[in-house]
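Read the numbers this way: they start at 1 and go in the same order the structure lists the ligands and their atoms.
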Amino acid sequence: MRDNNGVFISGTGSYAPSKTLTNCDLARMVDTSDQWIINRTGIRERRIAGTEEKTSTMGSLASAAAIKAAGIHKDDIDLVLVATLTPDMFFPSTACLVQTQLGLRQVTSFDVGAACSGFIFALEIASNMMKNGNFRHALVIGSEKLSSILDWEDRKTCVLFGDGAGAVVLSSQDRLGYEVIDSYTASDGSQPKLLHMPGGGSACPATPESLGQGRHFLKMQGQKVFKVAVRFMEQSVRKMLDRHGLIPEDIDLFIPHQANLRIIEALARSIKAPKEKFFVNLDRWGNTSAASIPIALDEASRKNRLQSGDYVLLVAFGAGLTWGSTLLKWKY
Ligand code: UT7
């Protein structure tokens, strides 16, 4: 076993499907308007995957970009985690499909199911697996094809979500100072119906009836989810700051899950941090669930919003309910 200090992000990548669906396009499909969607969510457009673009293929393309950015060879990867709620299929895991699409060695690969918080959970798992010294470089991916589980006649949900993938290469730490410093994760399964897809699993296998009842579509009680999202994201930020004796001013960039601009603004108000410190790209992507944070991290990095030595705080919330945060000292 090697003696490691920790792990750090050595490369990021993302993938956007080429098809863009604007709010005006949606207004031709359901009873909504560009103005309603912008005012209530901040979303202007989202990407929609084509038939040949799967959760695995989008994850593979994002990963290839992250491997290139990290300056390593694909044979250096020895762990693959995919956070997703829209896997290509129940099994094999999407991570195994990514492994073969990228032509990796026979490395440990599995999926993580924590909905929109999935990337934070996967980062925590991968970091801890790597700290024992058995893994040197890991791919941690968030990839989603949410368009495949949306009811395109339900204006309360279909306007909110989009498709895409983001990935990071997590590498063993050789030098102290830059790292994935800490993660906080939590769950509360007592209210599963706030945000769920009732059909398709073993409790409600697909039948003509279940299809007719629309049980294979994402369902959400939007207002209730909104309130708990703000509360648990605030808790996640405070927990991490308190653990490390930090104050909001110490954080250079917050990268929140991109569900709704009003949620992000409410979070900024509640922790008394300027909203300019919150990275926002949901206007162009919508909510891409587990992919939202790694896509945002890749954009922030490529747009030079992140400098070496910056404190970065990732914070997410999702179905389950699940929530959490990750504190990074940026180096890449
Ligand atoms: O990533 C996982 C976490 N997910 C989230 O964080 C989502 C959290 N929830 C939200 O972001 C917001 O609750 C929504 C954006 C989903 C909804 O915004 P809201 O301000 O909570 O609206 P609402 O549900 O209270 O609906 C207000 C009105 C209703 O009409 P009435 O009953 O007041 O006449 C809705 O029927 O807006 C109506 N409405 C729409 N109108 C036009 C709902 N959806 C639409 C729509 N276009 N797309």
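Side-chain N or O atoms of Lys145 include one that pairs as donor or acceptor with a backbone N or O of Glu53 at under 3.5 Å. A donor-acceptor pair is defined here as one N or O able to donate and one able to accept, closer than 3.5 Å; such a pair exists between the side chain of Lys74 and the backbone of Gly103. Side-chain N or O atoms of Ser172 include one that pairs as donor or acceptor with a backbone N or O of Arg136 at under 3.5 Å.
Looking at Leu327 and Ile251, their side chains come closer than 4.5 Å, going by heavy atoms from C-beta outward. Taking the side chain as every heavy atom from C-beta outward, Phe8 and Ser171 approach each other to under 4.5 Å. In this structure the side chain of Val82 never reaches within 4.5 angstrom of the side chain of Leu97, judged on heavy atoms. Residues Leu102 and Leu139 form a side-chain contact, since some pair of their non-hydrogen atoms from C-beta on lies under 4.5 Å apart.
When only non-hydrogen protein atoms are considered, atom 36 (O) of ligand 1 lies nearest to Arg155 NH2, 3.0 Å. Among all non-hydrogen protein atoms, the one lying nearest atom 11 (O) of ligand 1 is Asn260 ND2, 2.7 Å. With respect to atom 6 (O) of ligand 1, the closest heavy atom belonging to the protein is Ile263 CD1, 3.2 Å. The single protein non-hydrogen atom nearest to atom 2 (C) of ligand 1 is Cys116 SG, 3.5 Å, given as residue, atom name and distance.
Of the polar atoms of Gly222, at least one N or O is found under 3.5 Å from an N or O of ligand 1, judged by distance alone. At least one N or O atom of Thr32 sits closer than 3.5 Å to an N or O atom of ligand 1.
In summary, Arg155 and Asp31 engage in a salt bridge, as defined by a charged side-chain N under 4.0 Å from a carboxylate O. Asp242 and Lys239 are not joined by a salt bridge, as no carboxylate oxygen comes within less than 4.0 angstrom of a charged side-chain nitrogen.
For atom 25 (O) of ligand 1, the protein comes within 4.0 Å by at least one heavy atom. Within the 4.0 Å cut-off (strictly below), no protein heavy atom is located near atom 32 (O) of ligand 1. Distance screen at 4.0 Å: atom 29 (C) of ligand 1 has no protein heavy-atom neighbour inside the cut-off. Atom 48 (N) of ligand 1 is flagged as protein-proximal [any protein heavy atom, distance under 4.0 Å].
Residue Thr94 holds its OG1 atom at 12.5 Å from CD of Gln99, rounded to the nearest 0.5 Å. The distance from the CG atom of Asp151 to the CZ atom of Phe217 is 4.5 Å, given to the nearest 0.5 Å.
Below 4.0 Å from some heavy atom of Met220 lie the following atoms of ligand 1, by number and element: 4 (N), 7 (C). When each atom of ligand 1 is checked for a heavy atom of Lys156 under 4.0 Å away, the hits are 36 (O), 43 (C), 44 (N). Contact atoms of ligand 1 toward Val225: 3 (C), 4 (N), 5 (C), 6 (O), 8 (C) (distance under 4.0 Å to a heavy atom of the residue). Against a heavy-atom cut-off of under 4.0 Å, Arg40 is close to the following atoms of ligand 1: 19 (P), 20 (O), 22 (O), 27 (C). Using a 4.0 Å cut-off to heavy atoms of Asn287, the atoms of ligand 1 that qualify are 1 (O), 2 (C). Atoms of ligand 1 lying under 4.0 Å from at least one heavy atom of Val159, given by number and element, are 48 (N). If you number the atoms of ligand 1 from 1 as listed, the ones under 4.0 Å from a heavy atom of Leu160 come out as 15 (C), 16 (C).
At a heavy-atom cutoff of 4.0 Å, ligand 1 is contacted by the side chain of Trp36 but not by its backbone. At a 4.0 Å heavy-atom cut-off, ligand 1 touches Leu195 through the side chain alone. When heavy-atom distances to ligand 1 are checked against a 4.0 Å cut-off, Ile37 has no atom that comes that close, whether in backbone or side chain. For Thr41, every heavy-atom contact with ligand 1 shorter than 4.0 Å involves the side chain, none the backbone. The residue Thr157 has no part lying near ligand 1, judged by heavy-atom distances below 4.0 Å.
Cation-pi geometry between Lys329 and Tyr311 is met: under 6.0 angstrom from the ring centre, within 45 degrees of the axis.
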Would Leu253 and Leu306 count as a side-chain contact (heavy atoms from CB on, under 4.5 Å) here? Give the steps. CA-CA 8 Å; Leu253 191 68; Leu306 293 168; 3.8 Å; yes
Between Leu85 and Ile149, does a side-chain contact (heavy atoms from CB on, under 4.5 Å) hold up when you go through it step by step? CA-CA 10 Å; Leu85 58 78; Ile149 58 163; 3.7 Å; yes
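Nearest to atom 23 (P) of ligand 1 by heavy atom, out of Arg262, Gln223, Gln35, is Gln223.
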